[in-house]
Structures are given as C-alpha cells and as structure tokens.
Protein chains: 2
Amino acid sequence: MKDKTGVPRRSRQATADRGVSIRAVAAHAQVSIATVSRVVNGLANMATPETAARVRAAIAELGYRPSSAGRSLRQRESRLVAVIAANLANPAMTAIAASVEVALRSRGLVLALCDSHDQPELQDEYLLEMRAHLVRATVLLGAVASPKLVAMIEAGEPLLFVNRRCPCDDDQPFIGIDNRRAGQDAAEFLLAKGICDVAVAHGHLASSATLDRIAGIGEAFAAAGAPVPPERFLTTQGAEHLEIGYRAADHLLSAGKPPAGLICASDMIAFGAHRRLVEAGLAPQAMPQFLGFDDNPLNPWVAPWLSSVRIPYQAYGDAVVRMIDAGGPRRIILEHQIVDRSPH
Amino acid sequence: MKDKTGVPRRSRQATADRGVSIRAVAAHAQVSIATVSRVVNGLANMATPETAARVRAAIAELGYRPSSAGRSLRQRESRLVAVIAANLANPAMTAIAASVEVALRSRGLVLALCDSHDQPELQDEYLLEMRAHLVRATVLLGAVASPKLVAMIEAGEPLLFVNRRCPCDDDQPFIGIDNRRAGQDAAEFLLAKGICDVAVAHGHLASSATLDRIAGIGEAFAAAGAPVPPERFLTTQGAEHLEIGYRAADHLLSAGKPPAGLICASDMIAFGAHRRLVEAGLAPQAMPQFLGFDDNPLNPWVAPWLSSVRIPYQAYGDAVVRMIDAGGPRRIILEHQIVDRSPH
DNA sequence: TAAGTCAACGAAAACGTTTACGTGACGGCA
DNA sequence: TGCCGTCACGTAAACGTTTTCGTTGACTTA
C-alpha cells in the first residue's frame, strides 16, 4: 500500500514510539510521572526495586527517551556544548572538533558546531545564539576579540578557550600546549642540527598561539648567540596559511639563497612554502630543513619532508569534558612532541 | 573587587540580560506576552506599527532572545539539524560539514555534529538521541545499514542522505554527484590520453558511491574495448583509505610493472598509493597517471601529481537547506568536474 | 442608529520535564 | 497505645514559548 498522496510522511506515525512522553510511560507502568522521572535520573533510593523494574520495562517497551526540550526548559540547561571554531577549513580545527565530539558523546553531551570565520560579528552572533540554546559550555577554538565576548565573560558564562587564549582576559579557562616552550623546542631542534641560518613564516599576531611560538623561537636562537634578524620573520596580512607560506618562500627566493632552516607556525604554511620552492626548481640539497606546527595526520603520506611539532589534538576532547565537569582546573597544558622527519 | 570566593561564577548575573524571558519584554513594552511573540515571529499584520516598534525597542533594550527550549517544546521541533558523519577523519566529510554549517546559519538553523565511526550501533544511538532533540532533519553523511534506520524511515522521520544513498530504501532523499557518470568520466579521461592499462583502488563496497564509481569505470573501459580484469580492482577490508592505497600499490609492485593509469576511489587512497610507489623508488616516467575522487583542497599544494574528480562540496550546504525547506526535490544531483593535473 | 466586519490585542492552555512538598503506611520506642 | 521518623510515592507548580479563542473598540454599511 503505497502513499502517493501529498500528505507529509511525518503524519504516518507507524512505529508509535514517536512522541512517547513520560506521561505514557507512567500510565503504562501504573505509577506517577514523578516516579518515572526519578527512575530515569537514577534517584534509585527513591523507588522500590520492583517499581523501578516496572518503570524500566515500560520505558523499554515504549521506546521512551526523555525530551531534550522539556528537560532544558525545566533545568535551564541543555545537554548541548557549543564549539565555535575560527576556521573549519583548517584541518587542525576539525581534528579538535572531532576529538571533542567523541569525548562529549561518552558523557551524554551533544556537539553544536559553529564556524566564526574569524569574524568578530559572527562570533558574537554565535555566542548569543548558543546561550539562547542554554548550552552547558561554549568552547572557543581560536577566539577573536569581540564586544559580546567580554559581556559573556562579565556575565560569568561558562567559556572555554582552546589553542588561543582569551584575547581579553588571561585568566579564562584555557586548553592547549605551551606554545612558547614549543617555539623554543623548535629552535633547539634546528640548532642541534647545526642550523643557525633560519627564517620564520607565521600568521597574524592576534593569536596568542602564534605570538608565543615566535617569541619562543626568538628567545632560543638569541640564547644560542644566533639571533634571528627581524626581517627573517615573514607574514602576509589577511591571507590564508597556504598563501602565507607561498609568499614567504617567494620572498626568500627573491632575497637570494634560501636559509638552511625554515620554521613555519603551522603545517599549512609549510605546505605553501615548500610548494613555492619546488616550483622554483630548488635542488634537493638546497632545500631548507622544514619545521612545522600541528603535525597534520597526512604528513607522513604527502609531506615526508616536513618535521613538525605534534600537538595532541586527540587529547583535547577529554580535556574539554574534564573542564566542563569539574569546572575545576582553569588551565590544562598538554604535551607537545617534535616529530623528526629530516634525512637524519 | 575580586571574587576569591568559591561561588560559581554563573551566579553573578552582571549584565542582567541573562534570563530575560518574553514575559520581561512584555512587561517592559506594556503589552501582552502574545503580542511580543507575534512581533518576534513576524506576524506583522497582527500588530500596530507603533506597538511593534515599542516591542522591538524593549527587545533591543533588554537584549532578549527567544529561548530555544521553550520554542522547541511548544512547536515540537527545534532549530537543530543533525549531521551524522561516517568518519570525521576524512577531510571530505568535514568539508561537507563545514559547508552545511554555513548554509544552516543563513537560515537560522544550528548544526549538531555526530561521528558514527561507520558503526551501526553508534549510528542508531545518534538517530535516537537526535530525535529526542526534535531535530528538524537528520543528514546522514555516509549512512550504514542499521535497525533504527529502517525504523526511522518507516516512522517518516525527515532523513537526508548525502554521498551514499540510503542502504535500505533507494527512494529516500539524496544529495550527491552522479557517481556512475563520474566513474565513466574518469575512465574516459585516461582513455583520451591513450591509457588502457589501468588498476582501480577502492574502499569497501557497502557504499553506493564506491559501488557506482567502479561500475562506471568498468563500463567505460569495457565499452572502449579494453575491459579491466577483475584482479585489477584492489581493496583491503577494514582498512582506512590511506592504508588501502598503500597496500594496493604494494600489490601492484609485487605483480610486476605498475599499470599506466591508477584510478583511486578517493584522494586519500591516491595519497597512500603514491607514497608506496615513491618509497619503491619508481622513476618519475614510470609513475602511473593518477586519478582520484574528491579533489582535496590541499591537492595543488601537496599532490600536484594528482588529477581528480572534483566534487562540489561547497555546494552541498545549500542543497541541504533547500531540501529541508522545500521538502520538495527528493534528489539533488550536483555536477562534478575533472581537474587535470597531468604533465600536459 | 443598529447591525455587522474586522483589526488589535489579551487570557489561557498546552508542550514534557524536574522537583518541592504533601501524604499515607509502616516500624521503632517510650 | 501514642508519637515520631522514614520510606515510597503522588500532586502540582514552574520553566518559556506558541497559538487558539475571546473580547474590545473602531469603522463600514444599510
């Protein structure tokens, strides 16, 4: 019996487990609504074992699931956790988002994903929208300074800053690596190979992550008695990372022989720079020693020339839920690690 | 005045725009709750211009935003749209997710992102969870057959299948490219270059996308009088795409001279295969002509050797909202396009 | 002027939960 | 026996909306 009629299919209600409310369960189990609620929420000591069993049987039989809307309305808090990413085109951000998703699921929470495209207005819009959804917490994955951000902070909204620290209040909860330390390690990695002649390609300095990394790099080289001259720090305003790298390499080529080492503040920048040098027909032995940040999972496959500071993105999800649950540690610093892919 | 006390910060309620309900707006504008609701929802003809203006002023002043929970509860439908992806580690899936996110935002909808990890149980869990959230629609990004999936279909839940068609009911709404046609185009791309000696590396055949692609490839080569022998279709059960490609190339190497053309059902497979051939020290002129599917945005940067069938992932978001809104077209087929990166 | 139409708005119910409070039964203790 | 405490459970209010229905007043029309 096919339905060729124009009626929307939703109205069919075939399985009948659509729209089973707590009331139906209560009726079926011959108890009150309140009792069902108590059983569902595990207030176990509030019900006789037999009653609980009867309720659970009714729940299973009817295929009941508590309505998210009813819950959120009552307890003024949903099971949603918002992640506002600065740029989902960046594989590192999606990697973190994926990791957060897994961790949230194991806690019975749900991920609402937003892309602010690094624009303050969009970030503000999302902050408000997510609060209207009564999200349990808002994770800012690369936050940018914006009016509503400071308002939310002042209002005591539960915010969580990942990768980039909060641009307005350094005391806000943060999850990430020690970027200054990572910068130092990167520098020492090259120094240990006897490489002092380096350039650094990086993105815009509004990001605390970038800022800390190049600070660490500068310090380590200076401490080794081989300070990097300011003109060796290369960036391009308003460009995406691939493009930044490409132009940085272009600049290096036009300035003469490329340096012996090239530190890129992200793997994407390294991809761009490497591409330019290959296009220029640079001989393999003239190719600088590359060092990136992130360690994209694709690196072993498509960029075996790229050593990189591996950031444990898979661990970010757990850190996020730990912070949400405890509310406790205001700061979780995860361990980075240099992956050496240089020709020994 | 610092707060060194142990009180949770949420209780501060500094800006006072926290918890402004429609009631507060009504009181402030000296109208009834109903009128505010009408103005908010644009039932404009139901209110005097002056009243509407007064209400809007109150809304702006108090910073009111309708509570998502209240709304969902009342109209039995939230502004959430679920995307259940088979595998967020796959850049193609995250690209689609990002595209969907942008399109949803412009419609005032919010993306709830899930990763089923290609497991039927997890997919089922998410299907139920998302229905409990009263999602407006559920987008299955690479669906797998599962018990609850057929139950939801029978119940008439609004489902949307992207990339892979529904494994149980071919009539379910679908968004994607014409994969059979794309397979044919891929074959003809190589044939036009005089390449008949090819191998095909692909993932598991539960996916209608993969199935259609290799069917198209087979047909086109057969029609050209150069059928591809069955042993030239290579896969590895249960492995991820990169690994599948690597092992396929490994197999080809052990079977003698690699073919002149290598079609990979995804760019990731191509990355893996290419890596193996490079490791084997294959001379550049002996390298097969590669053809992948997806056309990863990174290709021009890290895989300039890879021609690919470009799938318009940026267009998927619009297609999704069109389908959600209209409920109309049951099928949107988007146009693919071959990107030729072969040495002229 | 009386009746009828219609726009503008308010009152109230309903959506599905959680939870404070009340109630009856039962057992221990003086 | 009378009193109190505890346990298991029910009653009902509240959360913030949307929407149906009813009411009011102004305006048109006969």
Side-chain angles (χ1 to χ4, degrees), chain A residues 17-56 58-59 62-80 108 128-129 131-136, chain B residues 17-56 58-59 62-80 108 128-129 131-136:
Chain A
D17 66 348
R18 159 135 213 104
V20 283
S21 69
I22 200 175
R23 194 189 333 260
V25 177
H28 197 268
Q30 316 239 52
V31 295
S32 79
I33 293 183
T35 303
V36 177
S37 175
R38 281 188 282 254
V39 170
V40 167
N41 295 16
L43 283 334
N45 53 342
M46 285 300 176
T48 291
E50 302 88 71
T51 332
R54 220 167 58 235
V55 169
R56 270 187 271 269
I59 289 176
L62 299 180
Y64 165 73
R65 236 173 202 243
S67 147
S68 159
R71 276 197 167 162
S72 314
L73 185 57
R74 170 62 214 230
Q75 33 196 43
R76 319 172 83 71
E77 180 170 72
S78 77
R79 284 173 141 78
L80 249 43
L128 295 176
E129 175 72 13
R131 188 179 56 177
H133 279 266
L134 300 173
V135 291
R136 192 153 300 195
Chain B
D17 66 348
R18 159 135 214 104
V20 283
S21 70
I22 199 175
R23 193 186 334 258
V25 177
H28 197 268
Q30 314 240 52
V31 295
S32 78
I33 293 183
T35 302
V36 176
S37 176
R38 281 188 282 255
V39 170
V40 167
N41 293 21
L43 281 338
N45 54 343
M46 285 301 177
T48 289
E50 301 87 73
T51 335
R54 220 168 59 234
V55 170
R56 269 188 273 271
I59 289 176
L62 299 180
Y64 165 73
R65 241 179 194 234
S67 145
S68 159
R71 277 196 165 160
S72 316
L73 185 57
R74 169 62 213 229
Q75 34 194 44
R76 320 170 81 74
E77 182 171 70
S78 76
R79 282 172 140 78
L80 250 44
L128 294 175
E129 176 72 13
R131 188 178 58 177
H133 279 264
L134 300 173
V135 291
R136 191 155 300 194

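Chain identifiers are assigned alphabetically (A, B, ...) following the order of the sequence lines, protein sequences preceding nucleic acid strands; residue numbering begins at 1 within each chain.
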Among dG16(C), dC9(C), dT17(D), the one nearest Thr35(B) by side-chain distance: dC9(C)
N or O in side chain of Ser72(A) less than 4.0 angstrom from dT17(C) OP1/OP2: no
Any base atoms under 4.0 Å from Ser67(A), or only sugar-phosphate, or nothing? Heavy atoms, all strands. sugar-phosphate
Pair up each side-chain donor or acceptor in residues 23-33 of chain A with any protein partner under 3.5 Å, not counting sequence neighbours, and list the distances.
residue: Ser32(A); atom: OG; partner: Ala34(A); partner atom: N; Å: 3.3
residue: Ser32(A); atom: OG; partner: Thr35(A); partner atom: N; Å: 3.3
residue: Ser32(A); atom: OG; partner: Thr35(A); partner atom: OG1; Å: 3.3

May I ask you to evaluate whether Arg23(A) reaches the phosphate of dT17(C), defined as a side-chain N or O under 4.0 Å from OP1 or OP2? no
To the nearest Å, how far apart are Arg79(A) CZ and dT17(C) P? 12 Å
Measuring to OP1 and OP2 of dG16(D), would you say a side-chain N or O of Arg65(B) lies under 4.0 angstrom away? no
Please state how far atom CG in Leu73(A) lies from atom P in dC15(C), giving the value in whole angstrom units. 14 Å
Between Gly70(B) and Pro49(B), which residue's closest nucleotide on DNA chain C lies nearer the 5′ terminus? Pro49(B)
Nearest to the Val31(B) side chain among dG16(D), dG10(C), dT17(D), which nucleotide is it? dG10(C)
Minimum side-chain heavy-atom gap Asn41(A)-Arg71(A) below 4.5 Å: yes
Atom of Ile22(B), atom of Tyr64(B) and distance for their closest heavy-atom approach: N-CE1, 3.5 Å
In whole angstrom, what separates Glu50(B)'s CD from dA7(C)'s C1'? 13 Å
Is there a donor-acceptor contact under 3.5 Å from the side chain of Ser78(B) to the main chain of Leu134(B)? yes
Side chain of Ser67(A), backbone of Ala69(A): donor and acceptor closer than 3.5 Å? yes
Value in whole Å for how far the P atom of dG10(D) lies from CD1 of Ile22(A): 12 Å
N or O in side chain of Thr51(A) less than 4.0 angstrom from dC9(D) OP1/OP2: yes
Run the salt bridge (Lys or Arg N to Asp or Glu O under 4.0 Å) test against Arg56(B) and tell me which residues pass, sequence neighbours left out. none
Pick out the pairs of N or O atoms, protein on one side and nucleotides 21-26 of chain C on the other, that lie under 3.5 Å.
none

Rounded to whole Å, the CZ-C1' distance (Arg71(B) to dA14(C)) equals 17 Å
Mind checking Ala34(B) for me? I need base, sugar-phosphate or nothing, with any heavy atom below 4.0 Å counting as a touch. base
Rounded to whole Å, how long is the line connecting atom CD of Glu77(B) with atom C1' of dA14(C)? 17 Å
Of the nucleotides dT17(D), dA8(D), dC15(D), which one has an atom closest to the side chain of Pro66(B)? dT17(D)
Whole-Å distance between dG16(D) C1' and Gln75(A) CD? 15 Å
Between P on dC21(D) and CD1 on Ile33(B), what's the gap in Å once rounded to a whole number? 20 Å
Sequence neighbours excluded, which residues qualify as side-chain hydrogen bond (donor to acceptor under 3.5 Å, both in side chains) partners of Ser68(B)? His133(A)
From C-beta outward on Thr48(B), which listed nucleotide comes closest to its side chain: dG16(C), dG10(C), dA8(C)? dA8(C)
